[in-house]
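In each ligand, atom 1 is the first atom listed, and ligand 1 is the first ligand listed.
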Amino acid sequence: MLKSEKEHLICSVCKHEVLKTDDFCPHCGDIFDANIACVHHHNVPAEGVCIICAEPLCAECGGWVRGLYLCRKHLGYEIVEGMVRIFGVGDETQAQVANSRLEQAGFHPLVFSHKASPISLGGTDDMIFNEIKIMVPCQEVAQAEKVLRELGILHT
Ligand SMILES: [Zn+2]
Ligand SMILES: [Zn+2]
Ligand SMILES: [Zn+2]
């Protein structure tokens with residue numbers, strides 16, 4: 001049987017399809033239920049849900065960053081199309097080790113490397129650090145960071 005179209009709604013912020021049963025949009029963190037309170041301030045209504053740690057937060061505890069709702073801890077994270085940078089190195093071997101360890105642990109990492117930026121060609125930019133990034137889907141960030149920390153790869 002085909003799923004009824006009525007089970008889905010379109011998020012007014014990011015225009016992604018969300019389930020009618022969702023309390024918040026997992027893509028951007030917009031909250032649909034006005035009765036949900038901030039996890040840190042129980043009498044303050046939540047304004048959004050951090051898409052990385054999935055906690056409802058008030059304006060004091062979180063904020064919107066380029067259309068995504070994030071907590072204070074995750075505000076500075078680099079996010080590209082739902083993938084979050086958790087680790088960056090200049091050494092490709094180390095990036096591959098981190099990637100395969102995460103895959104073995106059941107995560108869905110993506111190795112993203114910016115070999116040469118057309119803007120930095122020629123000139124005095126030789127010192128620019130070509131970072132190889134390990135990115136994982138939003139929901140996997142906390143657990144994937146834990147794995148890398150336990151392996152001694154991530155030190156923050
Ligand atoms: Zn959304
Ligand atoms: Zn968070
Ligand atoms: Zn709060």
Side-chain angles (χ1 to χ4, degrees), residues 1-91 94-114 129-156:
M1 196 176 88
L2 283 170
K3 258 190 183 177
S4 155
E5 276 184 43
K6 294 213 172 83
E7 283 176 32
H8 292 97
L9 292 172
I10 301 294
C11 169
S12 60
V13 175
C14 69
K15 315 293 178 211
H16 272 95
E17 215 171 59
V18 290
L19 291 173
K20 227 178 183 174
T21 49
D22 284 344
D23 292 330
F24 67 93
C25 173
H27 305 282
C28 69
D30 189 30
I31 205 155
F32 306 139
D33 187 342
N35 298 315
I36 296 176
C38 170
V39 282
H40 304 294
H41 305 94
H42 297 284
N43 35 27
V44 183
E47 172 192 71
V49 174
C50 173
I51 56 163
I52 293 177
C53 50
E55 289 189 332
L57 302 163
C58 71
E60 202 184 303
C61 302
W64 290 97
V65 183
R66 279 166 293 161
L68 301 173
Y69 202 83
L70 294 161
C71 68
R72 297 238 168 254
K73 182 185 157 200
H74 293 130
L75 273 180
Y77 275 55
E78 189 179 335
I79 304 172
V80 183
E81 288 174 22
M83 298 295 283
V84 183
R85 173 197 174 280
I86 56 165
F87 176 62
V89 273
D91 175 39
Q94 212 190 343
Q96 289 306 335
V97 170
N99 183 55
S100 59
R101 291 301 180 88
L102 286 173
E103 277 178 349
Q104 281 164 17
F107 297 104
H108 305 87
L110 195 83
V111 178
F112 185 79
S113 70
H114 241 327
F129 180 57
N130 272 327
E131 188 193 60
I132 301 164
K133 296 165 185 167
I134 302 288
M135 305 186 86
V136 294
C138 289
Q139 321 84 268
E140 295 182 1
V141 172
Q143 290 305 314
E145 280 183 336
K146 199 169 155 231
V147 168
L148 292 187
R149 244 178 246 127
E150 279 163 5
L151 291 166
I153 295 173
L154 190 71
H155 302 287
T156 52

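Rounded to 10°, the angle formed at the Zn ion (ligand 3) by Cys38 SG and Cys58 SG is 120°. Take the Zn ion (ligand 2) as the corner point: the lines to SG of Cys71 and to SG of Cys53 open at 110°, to the nearest 10 degrees.
Side-chain atoms of Arg85 do not come within 3.5 Å of backbone N or O of Val136 as any donor-acceptor pair. The backbone N or O of Gln94 lies less than 3.5 Å from a partner atom in the side chain of Asp91, making a donor-acceptor pair.
Counting heavy atoms of neighbouring residues, nucleotides and ligands inside a 6.0 Å radius, atom CZ of Arg101 does not exceed 12 of them.
Counting heavy atoms from C-beta on, the side chains of Val18 and Pro26 come closer than 4.5 Å. Under the 4.5 Å side-chain criterion, counting only non-hydrogen atoms from C-beta, Glu140 is in contact with His108.
The heavy-atom pair separating Phe24 from Ala54 by the smallest distance is CZ-CB, 4.4 Å.
By the 30° and 60° cut-offs, the orientation of the rings of Tyr69 relative to Trp64 is perpendicular.
Distances from the Zn ion (ligand 3) to the N/O/S atoms of His41 are shortest for ND1. Looking only at N/O/S atoms, His74 comes nearest to the Zn ion (ligand 2) through ND1.
Protein N/O/S atoms closer than 2.8 Å to the Zn ion (ligand 1), listed by chain and residue number, are Cys11 SG, Cys14 SG, Cys25 SG, Cys28 SG.
Considering Leu68, Leu57, Leu75 in turn, Leu57 is the only one that fulfils the side-chain contact (heavy atoms from CB on, under 4.5 Å) rule with Cys50.
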